[in-house]
Number of protein chains: 2
Amino acid sequence: MEAITRAGLDFASALSSDMALFEEALRERRAAVYGYLDTWPGATNFKPRDIHDALFSYVRRRGKALRPLLLLLSCGVVGGDESRAIPAAAAVEIFHTWTLVHDDIIDRDDTRRGHPTVHAMYRDHAIRDHHQSDREAAHYGLAVAILAGDLQQSWTYALLGDLVSKGVSASLVLELAQRMSVNLTPKLLEGELLDVQFALMPPDSLSEERILHMLTLKTGALLEYAAWCGAKLGLAGRPDNAGYAEKLGTFASLAGIAFQLRDDLLGLTGDQAELGKSVGSDLREGKRTLVVYKALQSASGEQRRLLTSVLGKADASSSQVTAALDILRSTGAIADVAALANSYVERALALLEELPANEYRDLLRSWAAFLLARTH
Amino acid sequence: MEAITRAGLDFASALSSDMALFEEALRERRAAVYGYLDTWPGATNFKPRDIHDALFSYVRRRGKALRPLLLLLSCGVVGGDESRAIPAAAAVEIFHTWTLVHDDIIDRDDTRRGHPTVHAMYRDHAIRDHHQSDREAAHYGLAVAILAGDLQQSWTYALLGDLVSKGVSASLVLELAQRMSVNLTPKLLEGELLDVQFALMPPDSLSEERILHMLTLKTGALLEYAAWCGAKLGLAGRPDNAGYAEKLGTFASLAGIAFQLRDDLLGLTGDQAELGKSVGSDLREGKRTLVVYKALQSASGEQRRLLTSVLGKADASSSQVTAALDILRSTGAIADVAALANSYVERALALLEELPANEYRDLLRSWAAFLLARTH
């Protein structure tokens, strides 16, 4: 753990002089994207009130907007006009949102960053407004969250369609929509189902390759799409002989996997207040992270028994969790995964060097530092 | 009840000479649309196996394909080439499918036409393959069904995108996709949530207008879209001075509402074997149908008490159900709703008269007869 946090912080602090510039760039673009969503005229079609409010509940809370920012910077780095890409930046934010709304149902998470998730919120509304039993109220919350996520998915396509009004050609808009429907969505949902299935399988029936494949799909695919989409809009039909769009996509995907690996380490060893969940909760939930898989591979028989007994045991004691964490450390699994995350960061940053040297490229480097330097 | 069934049958038998022609037309187009879906190349991206199989489970069972047929006939009636519209016909079938997969979760239906629904099927798989507890298996089934419906929604847009390869202009494809995302999806999902909310409200807090509005959204909107979309493809950019696309859309929506009203009557009074569910099950489930609302409006105090006590009472006895049905009949509610359904049919058929007189128009009349003459 220590290795990766240090690497992340070193990387971030080395760039600290750029970070003020970056935060200003983020602030401006975040305001533009959320402003676009807040005043989107088609939202008058989102009815009745529970659907409308559910759709906007995550938007109103404001995310970090790291995906929209990535899209806009990728547009700029290849020489494009960012202002034309705003609807696409809004689209990737809403795409991310619908996957969260449905994933929160699947993960049975009642809170996200300290706020109730959509299904939890409307469960509580049903109790308050319709005096439903707990069981019926939970079902009402489920119904609203399913429908809200469904409508957000269609909103994503509507937002991409808006690009035409910004002067983007219909054929380019269709190309962006096709890559979303034919490539991005199947990948991301495959990653989500694999994550669910892995948790039902014996941990050592997995492999490093399969776990990394799942992360690439679940976390990498949308980041890859956002960067690729921004570059396509920036190029606006100009030939892409240097393959900038694919390079930006791969850069973003690699950074996303590094983020996820690091997030898994922090979920095991990080600070409780910063995480917003208790240390070891991933272990108690039985999450099949790469670090657990690696530890099981090199653990002694006794260590395996202890680690397996804690994994997925919701009521594991804190001394059991501490013993399990010691195994993750002493087997070298934590250091291995930290090193792997660093290698992904290095590969990502090397790709940036192949892009045009301009202020956007500096901001993209800061974007990666920002993504990796904090817990999200 | 008697009135509407007779009207439906009269309408159908008057057209019986055309019905053989119609059934042949349906068979051909159904084969073309399902053939297109069965061999869709992008399906290799639908992974892992549970997602792929869940996506195809409804497709493999074959629906009636009444929506694709409506789209293709609407293309033909305005002089268009149906073969170019096949991907759009496939798209409306998959759109219908994803709404069913998610609606089955919301309605807690474990079977559809005698087969298990997606969430029920994968619940059973989880018990068999992963030896999960009932609770965990139900949650796995829910996860697969949510993700499968999500992926089918994106498949819908991918299928619309295929139209470009059939020579349809990118700007027309975008117009079709925009109407789906900005208009159709919000309408249909509004109808679904209203249906859920109505069941939680006291029956007499509703109104005829609100119930018909819900039916228009939930049942009419997709039929309206299918007909409009077919006409737009048939016109392929030619001016639509006579407003054929909107007229076809309204024709289809009105026919759909008539179908739904009639379906509600059959759900109360129809033949158990034909319905595939027991007579009175809509009463026991507490469904807020227009006929129940109308009966409550004109019932005596004693009748209201009896009807209200049966509504939503899962274990109501058959004699209680019979008494409730007598009230629906004696208050005139059944005859009223039957007459209303007939008026929708007449308005729908009158609109057909404003379309070009050709064999497609005859087939569209048969399509309406077919929709209305059977239980679906």
Engineer: Among B:Pro48, B:Ala126, B:Gly149, who wins on heavy-atom pairs under 4.5 Å with chain A?
Structural biologist: B:Pro48
Engineer: Do the side chains of A:Asp162 and B:Gln178 get nearer than 4.5 Å, heavy atoms only?
Structural biologist: yes
Engineer: Is the count of non-hydrogen atoms from other residues, nucleotides or ligands lying under 6.0 Å from A:Arg238 atom CZ greater than 12?
Structural biologist: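 Yes - once you tally the heavy atoms of other residues, nucleotides and ligands closer than 6.0 Å, there are more than 12.
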Engineer: Less than 4.5 Å to any heavy atom of chain A: does that hold for the side chain of B:Ala177, its backbone, both, or neither?
Structural biologist: neither
Engineer: Below 4.5 Å from any heavy atom of chain A, which atoms of B:Gln132 appear? Answer side chain, backbone, both or neither.
Structural biologist: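 Side chain of B:Gln132 only, per the 4.5 Å heavy-atom cut-off to chain A.
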Engineer: As an exercise: rank B:Leu142, B:Leu159, B:Val182, B:Ile106 by heavy-atom pairs under 4.5 Å with chain A and give me the winner.
Structural biologist: B:Ile106
Engineer: Would you find more than 12 non-hydrogen atoms of other residues, nucleotides or ligands less than 6.0 Å from B:Arg128 atom CZ?
Structural biologist: yes
Engineer: Given the options B:Glu192, B:His139, B:Lys47, which has more heavy-atom pairs under 4.5 Å with chain A than any of the others?
Structural biologist: B:His139
Engineer: Would you call the rings of B:His102 and A:His102 parallel, tilted or perpendicular, where under 30° means parallel and over 60° means perpendicular?
Structural biologist: perpendicular
Engineer: With a 4.5 angstrom heavy-atom cut-off, which part of A:Ile105 approaches chain B: side chain, backbone, both or neither?
Structural biologist: both
Engineer: At their closest point, which heavy atom of B:Ser181 faces which heavy atom of A:Ser154, and how far apart are they?
Structural biologist: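 Answer, listing the atom of B:Ser181 first, then A:Ser154: CB-O, 3.2 Å.
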Engineer: Tell me, for B:Leu189 versus chain A, whether the close heavy atoms (under 4.5 Å) come from the side chain, the backbone, both or neither.
Structural biologist: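 Both the backbone and the side chain of B:Leu189 come within 4.5 Å of chain A.
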Engineer: Given heavy-atom pairs under 4.5 angstrom as the criterion, report whether the side chain, backbone, both or neither of A:Gln153 touches chain B.
Structural biologist: both
Engineer: For the OG1 atom of A:Thr185 and the CH2 atom of B:Trp155, what is their distance to the nearest 0.5 Å?
Structural biologist: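 Here the rounded value is 14.0 Å.
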Engineer: Using a 4.5 angstrom heavy-atom cutoff, name the option from B:Lys187, B:Glu136, B:His52 with the most pairs to chain A.
Structural biologist: B:Glu136
Engineer: Check whether B:Val196 gets within reach of chain A through its side chain, its backbone, both or neither, counting any heavy atom under 4.5 Å.
Structural biologist: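 Contact with chain A is through the side chain of B:Val196 alone.
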Engineer: Need one label for A:Leu147: side chain, backbone, both or neither, based on atoms under 4.5 Å from any heavy atom in chain B.
Structural biologist: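 When you check distances to chain B, atoms from both the backbone and side chain of A:Leu147 fall under 4.5 Å.
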Engineer: Of the listed residues (A:Ile146, A:Asp50, A:Asp150, A:Val173), which shares the most heavy-atom pairs with chain B below a 4.5 Å separation?
Structural biologist: A:Asp150
Engineer: Using side-chain heavy atoms (C-beta onward) and a distance below 4.5 Å, is A:Tyr140 in contact with B:Leu193?
Structural biologist: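 When only atoms from C-beta onward are counted, B:Leu193 and A:Tyr140 do touch, with a gap below 4.5 Å.
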